[in-house]
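Sharing a structure below in structure tokens format, with a few things to ask.
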Amino acid sequence: MSENKEPHGVKFVYDFTEGNKDLKDLLGGKGANLAEMTNLGLPVPPGFTITTDACKVYLDSGEEPAALRDEVSAHLGALEERMGKKLGQADNPLLVSVRSGAKFSMPGMMDTVLNIGLSDKSVQGLAKQAGDERFAWDSYRRLIQMFGKTVLGVDGELFEEALDAAKEAKQVTVDTELEAADLKKLVTRFKKIVKAEAGRDFPQDPREQMDLAIRAVFDSWNTDRAKLYRRQERIPGDLGTAVNVCSMVFGNLGPDSGTGVAFTRDPASGHQGVYGDYLQNAQGEDVVAGIRNTVPLAELENIDKKSYDQLMQIMETLENHYKDLCDIEFTIERGRLWMLQTRVGKRTAGAAFRIATQLVDQGLIDETEALQRVTGAQLAQLMFPRFDEQAKTQQVGRGIAASPGAAVGKAVFDSYTAVKWSRSGEKVILVRRETNPDDLDGMIAAEGILTSRGGKTSHAAVVARGMGKTCVCGAEELEVDTKRRRMTVPGGQVVEEGDVISIDGSSGKVYLGEVPVVPSPVVEYFEGRMHAGAQDADELVEAVHRIMAFADRKRRLRVRANADNAEDALRARRFGAQGIGLCRTEHMFLGDRRELVERLILADTQEDREEALNALLPLQKKDFVELFSAMDGLPVTVRLLDPPLHEFLPDITELSVRVALAESRQEPHENELRLLQAVHRLHEQNPMLGLRGVRLGLVIPGLFTMQVRAIAEAAAERKNAKGDPRAEIMIPLVGTVQELEIVREEADQVIAEVEAATGTSLKLAIGTMIELPRAALTAAQIAEAAEFFSFGTNDLTQTVWGFSRDDVEASFFTAYLEKGIFGVSPFETIDRDGVGSLVAAAAKAGRATRPDLKLGVCGEHGGDPESVHFFHEVGLDYVSCSPFRIPVARLEAGRAATQSAGSDHR
């Protein structure tokens, strides 16, 4: 443990009346929003919040801050005075909940304990106070169960088994049918479980209960499931959690009491209406755990109209105040409504786009804010395929459409199997009665989640929506047997583990077997097959169209495509590409041209080499004519040959077998033998760092000049045909300015020859890829000979980290991600501190030499949302990515341009 270093004079505890929604860093999301609701005059039970600063001190030193106990005592005393009762006193006990509350919502990942203050003595006082003995003993058994599992580390299954046994003995199916006498026996049984498993008695001192619960909430910040969730959601690990101590209100006091979760709009679709779940005679954990099936929130109007009307009014107040979809937790205690939590609610990708445009139309937010309410990751989700409605299917059930998408996979019934099978390449659907936080590993690994219990506010639904994972909840007709690893569907058919099922998170339908998929309407829109604004236009497409229009008006970064042929280029243009940032010419050397490349490699004389190059020239020119035609009027950056030559030759093992067979049969094999000798000659221990890129152009005379001639002649032909070709020539793998100067001198000579021969003036920019650390570090020199830089961040990441991507991703990246060394793969999102610092330094140095230097990026990072923001920050002119990622890059470029300091809409 490190030394207890706590800030001097820092206040560690805030009453709900002291904070506001802007103090999330200090009070956590839950505490800040409880304070905000208190300030709005909404009915919030009194309480106080222990800050994240206190948690950080505890996590750093293993001890609470010295001042914390006294501060808690002072606030507890004030709370007792306000409530007119003392914590856990025998005759009139004050009970409190102790709940976690980090800055960012982490549903179910950290710990909560309700009913703190109950003991063998105070349970009697609670029964008298409430006039309900059953309620008091039910609350006590809940405390022992939650405290035992959360604070003392007792296996929660032991309590569940004891509860099931009590229901079986009583011959009832739900816990609300257990009477006071049954619950007294259950409390005795629970206390014995605690003693046996924890090695101590359940604490009877209410302050000890509270202090231990506070410490347990601090500890829960670093549980495996919390750390996994933070890595998944990219939440920093050093934020810590606040702790909220709130006076208890009770939803389990009978039929005139209950608890629920409400949304101001449907988190699955974004539509306005009455959405949520309500459960009579229950406490809050019963709803989110999905243990008992709820009724729709609209039913509350029939159950308790007064509370319903008040809730509707509060929901409108909160949505107008937060100017966003709000997720609300509430309890009704004997007809009196209490607000327990509100937060900006998690939503599906489709709902995010719809809600953003709805709020603009309502005048609550402007276009700039609307862009901050959606993300490129959400847009990518909307571009995934969906089930074909015309396909023949075997529907076996229907649940609640909790998180959209079309998921197909083998049914598995526990998280361990889901992870194991997924790592073996299997697509799986995790099937559970209900999920709990311990299922997070399996939920991440699965294509989708199916539960037979719970609703839109259950753990499965909330976590799935946050992750963008397909989810169907509450499919009650499906009988899930996790112990026997099977699911029985209506009619008696059994789905065994490993059987393929399909789930539709948009409709809630469950199918046997694999259902075929069709393209998303959002993809059809980007490809021009569905028109926004048309009478029959999809509502979602209309929302996406409007948001994309906002983004395109706001963004500074231009977005190009990585495309190697006219077909890909035309598709990219339909997706909104503003040019081609990377055309890889090696792809033009494959297929029926491989024989010509083999002739070039095998050439023994200058004459043979020129003959092979002359045969390749018209084919290359034809490729470029088609490409420049497809992208007429837009820039096309052509990268000269980059990969090592052995990649164009047959596999060494395959060749060796062919030569051996030919020799054994005494058949002619001179060509195969020459190829095999060439493969051996060209063999390198590490080809990635060998004879490739600019090095090829320098050691194989005529190779690069042939390519430059093909580009120049194609451009001249297009220009003479009244076209507008805008070709740019990119030299790969440059490490020193001298390499670039030599290749550039030869290229300029070839271009001049083509201009003279065709009578055409060509303006072909010549630049280089910055993909080696040395190139980045000497960018000021290289810019003297380059008109543009394109950062090849794939190779730059490999060379900065010393990684061979093909090897390391399979060998140790999983371990690095699990251990938290990486929050995300550096090949997926740019490593800002290492690779990013080189990009920023090279951009600055290059522009110092040549102020008009054009800067772009053509690695896979060009389509990654977080990386796009980085490239905007360091002043690049464009990003280039695969055609499918172009809309994502356009959206994120718009968001990057409009993102204001401190705004965060997770």
* Run through Arg546, Arg895, Arg890 and flag the one making a salt bridge (Lys or Arg N to Asp or Glu O under 4.0 Å) with Asp552. =>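 Only match with Asp552 under salt bridge (Lys or Arg N to Asp or Glu O under 4.0 Å): Arg890.
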* **Between Thr736 and Gln738: side-chain donor-acceptor atoms closer than 3.5 Å** =>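 A donor-acceptor contact under 3.5 Å links the two side chains.
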* **Atom CD of Glu567: over 12 foreign heavy atoms under 6.0 Å** => no
* Between Phe526 and Phe575, what is the ring plane arrangement, given parallel below 30°, perpendicular above 60°, and tilted in between? ->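 Parallel: the ring planes of Phe526 and Phe575 meet at under 30°.
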* Note, Ile729 side chain near Val708 side chain (heavy atom, < 4.5 Å) -> yes
* Could you tell me whether the side chain of Val518 reaches within less than 4.5 Å of the side chain of Gln390, counting heavy atoms only? =>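 No - every pair of side-chain heavy atoms lies 4.5 Å or more apart.
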* Mind running salt bridge (Lys or Arg N to Asp or Glu O under 4.0 Å) on Arg558 and Asp877 for me, showing each step along the way? => CA-CA 6 Å; Arg558 296 176 73 80; Asp877 296 303; over 6 Å; no
* **Whether Arg573 side chain and Ala630 backbone form a donor-acceptor pair below 3.5 Å** => yes
* To do: Dump the intermediate steps for side-chain contact (heavy atoms from CB on, under 4.5 Å) on Phe871 and Leu855, then the final yes or no.
  => CA-CA 10 Å; Phe871 298 134; Leu855 298 172; over 6 Å; no
* To do: Look only at the side chain of Ser790 and the backbone of Met769, and say whether a donor-acceptor pair between them is shorter than 3.5 Å.
  =>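 Here the side-chain-to-backbone pair does not exist.
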* Asked: Do the side chain of Asp632 and the main chain of Asp724 share a donor and acceptor less than 3.5 angstrom apart?
  ->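 Looks like yes, one N/O pair under 3.5 Å.
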* Asked: Could you give all pairs that pass the salt bridge (Lys or Arg N to Asp or Glu O under 4.0 Å) test and reach residues 777-787, with sequence neighbours left out?
  -> Arg744-Glu787
* Side-chain ion pair, Glu728 and Arg560, N-O less than 4.0 Å -> yes
* Can a cation-pi geometry be assigned to Arg718 and Phe628, taking NZ or CZ under 6.0 Å from the six-membered ring centre and within 45° of the ring axis? ->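 So Arg718 doesn't make the cation-pi contact.
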* Asked: Considering only heavy atoms from C-beta outward, does the side chain of Leu796 approach that of Pro773 to under 4.5 Å?
  ->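 Result yes, sub-4.5 Å side-chain heavy-atom pair found.
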* Take the angle between the ring planes of Phe789 and Phe791 and call it parallel below 30°, perpendicular above 60°, tilted in between. =>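 The arrangement is perpendicular - the two ring planes meet at more than 60°.
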* Quickly, which of Asn614, Leu616, Ile700 forms a side-chain contact (heavy atoms from CB on, under 4.5 Å) with Met706? Name it, please. =>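 Of all the options given, the one that passes is Leu616.
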* Asked: Do side-chain atoms of Glu755 reach the backbone of Leu762 as a donor and acceptor pair under 3.5 angstrom?
  -> yes
* Can you find a heavy atom in the side chain of Val743 that is under 4.5 Å from one in the side chain of Glu739? ->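 Heavy-atom side-chain distance check fails, nothing below 4.5 Å.
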* Can Gln798 and Asp795 be counted as having a side-chain donor-acceptor contact under 3.5 angstrom? ->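 Looking only at side-chain atoms, Asp795 and Gln798 do form a donor-acceptor pair, the distance falling under 3.5 Å.
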* Heavy-atom distance under 4.5 Å between the side chains of Glu873 and Arg832, does that happen here? ->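 Contact flag for Glu873/Arg832 side chains = yes.
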* To do: May I ask you to check whether over 12 heavy atoms, not counting those of Gln606, lie within 6.0 Å of atom CD?
  =>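 Enclosed.
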* Flag, side chain of Thr768 to backbone of Ile731, donor-acceptor distance under 3.5 Å -> yes
* Asked: CG/Asp568 to CE/Met631 distance, rounded to the nearest 0.5 angstrom?
  -> 11.0 Å
* To do: Could you grab the distance from atom CG of Leu740 to atom CD1 of Ile782, nearest 0.5 Å is fine?
  => 7.0 Å
* Asked: Is there a donor-acceptor contact under 3.5 Å from the side chain of Gln378 to the main chain of Ala352?
  ->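 No, Gln378 side chain to Ala352 backbone: no donor-acceptor pair under 3.5 Å.
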* **Shortest non-hydrogen contact from Ile580 toward Ala569** => CD1-CB, 3.8 Å
* To do: Supply the atom-to-atom distance Leu613 CG to Asp608 CG, rounded to the nearest 0.5 angstrom.
  =>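 Between Leu613 CG and Asp608 CG, I get 11.0 Å after rounding to 0.5 Å.
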* To do: Side-chain contact test, heavy atoms from C-beta onward, threshold under 4.5 Å: evaluate it for Glu866 versus Glu828 and give yes or no.
  =>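 Sidechains of Glu828 and Glu866: no contact.
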* Looking only at atom types and distance, does a side-chain atom of Arg726 sit under 3.5 Å from a main-chain N or O of Gly633, one as donor and one as acceptor? -> yes
* Please walk me through it: do Cys858 and Thr637 pass side-chain contact (heavy atoms from CB on, under 4.5 Å)? -> CA-CA 10 Å; Cys858 60; Thr637 304; over 6 Å; no
* Contact check, side chains of Leu640 and Pro732, non-hydrogen atoms, under 4.5 Å ->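 Side chain of Leu640 against side chain of Pro732, heavy atoms only: contact under 4.5 Å found.
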* To do: Could you check if a side-chain atom of His872 sits within less than 4.5 angstrom of a side-chain atom of Val868, using non-hydrogen atoms only?
  => no
* Asked: For the side chain of Lys844 and the backbone of Val874, is there at least one donor-acceptor N/O pair under 3.5 Å apart?
  -> no
* To do: State whether the side chain of Thr368 and the backbone N or O of Thr898 hold a donor-acceptor pair below 3.5 Å, judged by distance alone.
  => no
* Are Thr585 and Arg639 close enough, and set up right, to give a side-chain contact (heavy atoms from CB on, under 4.5 Å), and what steps lead you there? -> CA-CA 6 Å; Thr585 54; Arg639 183 179 72 185; 5.6 Å; no
* Asked: Okay, side chain of Ser867, backbone of Gly863: is any donor-acceptor separation there less than 3.5 Å?
  ->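 Checked: no pair found.
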* Out of curiosity, Tyr525 OH to Glu542 CD, how far, rounded to the nearest 0.5 Å? ->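 It is 8.5 Å, given to the nearest 0.5 Å.
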* **Results of salt bridge (charged side-chain N to carboxylate O under 4.0 Å, His left out) for Arg584 - residues two or more places apart only** =>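 In terms of salt bridge (charged side-chain N to carboxylate O under 4.0 Å, His left out), with neighbours along the sequence ignored, Arg584 is linked to Asp564.
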* Asked: Can you tell me how far the CD atom of Glu771 sits from the CG atom of Asp642, to the nearest 0.5 Å?
  -> 5.5 Å
* Mind checking the CG-OG1 spacing from Asp831 to Thr793? Nearest 0.5 Å is all I need. => 11.0 Å
